[in-house]
There are 2 protein chains.
Amino acid sequence: MDRIDSSLIALRRIIRTTELFGREIRQATGVTPAQFRVLQIISESGFVTAKTISMRMQVSQGTVTSLVDKLVRDGLALRQKSSEDRRQIHILLTNAGRETLVDAPDPLQQRFVRKFRAMEDWEQAMLVANLERVATMLDAEDLDASPVLATGEIRPAGA
Amino acid sequence: MDRIDSSLIALRRIIRTTELFGREIRQATGVTPAQFRVLQIISESGFVTAKTISMRMQVSQGTVTSLVDKLVRDGLALRQKSSEDRRQIHILLTNAGRETLVDAPDPLQQRFVRKFRAMEDWEQAMLVANLERVATMLDAEDLDASPVLATGEIRPAGA
DNA sequence: GACAAAACTTCAACAGTCAAAGCAAAATTA
DNA sequence: TAATTTTGCTTTGACTGTTGAAGTTTTGTC
């Protein structure tokens, strides 16, 4: 088998793992990956507007509304009208929401980090360099990449 | 920024690219990524059973039925009762289905392959090794078998 | 021949997603 | 200041992907 095949297969394995992980996270937290990601985005800033979430996730506002609806329904987040700009709505976490994040740290990421830490210094450096190279090869330059592995699922745009 | 963050960001970029690519493929072919994958799986073997697709995609049979329904509806695939085992149904491509595959070559993959080919021999070898390593690091399989000494909390990045 | 297993489909129920339309609050402009 | 446009968000309607459970048909087995 040639190297091109090997590399493509490895890449596919990486991607597939993250796909399958969506199911894992749901099992562990009772929250879907998309909802989990919203939770993470909120928690990064304390509170956040729907617009922000929409842009960070590259998803329409309607989608954000529906995601936040579910988080609110399940008592993980709250909506709160902004007093400065009444068009805006601040979305923030409840204690239950914070707990969900704390109690369910990203196992995929943990798995990776744990193994990464076990590597020799030079191995770590090499791995980082190669990952970055691959990312660049795929032309993923100008993306908002936060150091969080929790991925949304690969989903088609609806009709 | 430490190496852990760098590596997670790079990984995230890779994953994000493939996510966005799903939209690209839909745009280019009029077929959703899931349906496209089914098309690819069929074409690898000429014809295929629902069970096979289900296993290959790690998805329930009901899902496969619904995906194939759509491909048939759109004239890209056909169902054909097996004569050996009448429980089985062979799924195969129509000409339109084959065309969809041909007309929509994988730009993400091409992109990668082109750049990969341009690399030095030793660089290619190193890249493959690192990708495979990452794939293994993310795989859940060896979780039980891995000699994990660190029982302590692993910080969820970002939070 | 009765019964279990296998391969599919059907059905009901969700989640995620979008586009388009609607509403309310700012911002801009006349 | 009044009218108009823009901005932020929700609602609605529609569609895909997905599952699990129940049902159908065909095989296989005792």
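To find a chain, count down the sequence lines: A is the first, B the second, and so on, and within it residues start at 1.
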Whole angstrom is fine here: how far is it from [atom1] in [X] over to [atom2] in [N]?
| X | N | atom1 | atom2 | result |
| --- | --- | --- | --- | --- |
| Arg56(A) | dG8(D) | CZ | P | 17 Å |
| Phe36(A) | dG16(C) | CZ | P | 14 Å |
| Leu39(A) | dG16(C) | CG | P | 12 Å |
| Met55(A) | dC9(D) | CE | C1' | 14 Å |
| Ile25(A) | dG16(C) | CD1 | C1' | 16 Å |
| Arg26(B) | dC18(C) | CZ | P | 11 Å |
| Ile89(B) | dA6(C) | CD1 | P | 18 Å |
| Lys51(A) | dT6(D) | NZ | C1' | 11 Å |

Could you write out each protein N or O paired with an N or O of nucleotides 25-29 of chain C at a distance under 3.5 Å?
residue : atom : partner  : partner atom : Å
dA26(C) : OP1  : Arg86(A) : N            : 3.1
dA26(C) : O4'  : Arg87(A) : NE           : 3.4

### Task
Provide the full list of ring pair (Phe, Tyr, Trp, His ring centres under 6.0 Å) pairs with a residue in residues 39-96 of chain A, sequence neighbours left out, each pair given once.
Phe47(A)-His90(A)
### Query
His90(B) or Gln61(A): which one's nearest nucleotide on DNA chain C is closer to the 5' end?
His90(B)
### Task
From the options dG17(D), dT19(D), dT10(D), select the nucleotide whose nearest atom is closest to the side chain of Arg79(A).
dT10(D)
### Query
Ser60(A) side chain: which of dG8(D), dC18(C), dA15(C) is closest?
dC18(C)
Which pairs pass salt bridge (Lys or Arg N to Asp or Glu O under 4.0 Å) with one or both residues in [range], sequence neighbours excluded?
| range | result |
| --- | --- |
| residues 67-79 of chain B | Asp69(B)-Arg79(B) |
| residues 119-134 of chain A | Asp121(A)-Arg3(B), Glu123(A)-Arg133(B), Arg133(A)-Glu123(B) |
| residues 85-100 of chain B | Asp85(B)-Arg87(B) |

### Message
If hydrophobic clusters are built from ILVMFWY residues whose side chains come within less than 4.5 Å, do Leu78(A) and Val48(A) share one?
### Response
no
#### Entry: For DNA chain D, the residues among residues 64-78 of chain B that have a non-hydrogen atom under 4.0 Å from it
Ser66(B), Leu67(B), Lys70(B), Arg73(B)
### Query
In chain order, what residues pass the side chain to side chain contact (heavy atoms under 4.5 Å, CB included) check against Ser54(B), with sequence neighbours excluded?
Gln61(B), Val64(B)
### Which residues share a side chain to side chain contact (heavy atoms under 4.5 Å, CB included) with Thr29(A), sequence neighbours left out
Ile25(A), Val31(A), Phe36(A), Thr100(A), Ala104(A)
### Task
Scan Gln88(A) against the nucleic acid and name what it touches under 4.0 Å (heavy atoms): base, sugar-phosphate only, or nothing.
sugar-phosphate
### Message
Any donor-acceptor pair under 3.5 Å linking the side-chain atoms of Thr63(B) with those of Ser66(B)?
### Response
no
### Gln35(B) side-chain N/O to dG17(D) phosphate OP1/OP2 under 4.0 Å
yes
### Message
According to salt bridge (charged side-chain N to carboxylate O under 4.0 Å, His left out), who are the partners of Glu84(B), at least two apart in sequence or on a separate chain?
### Response
none
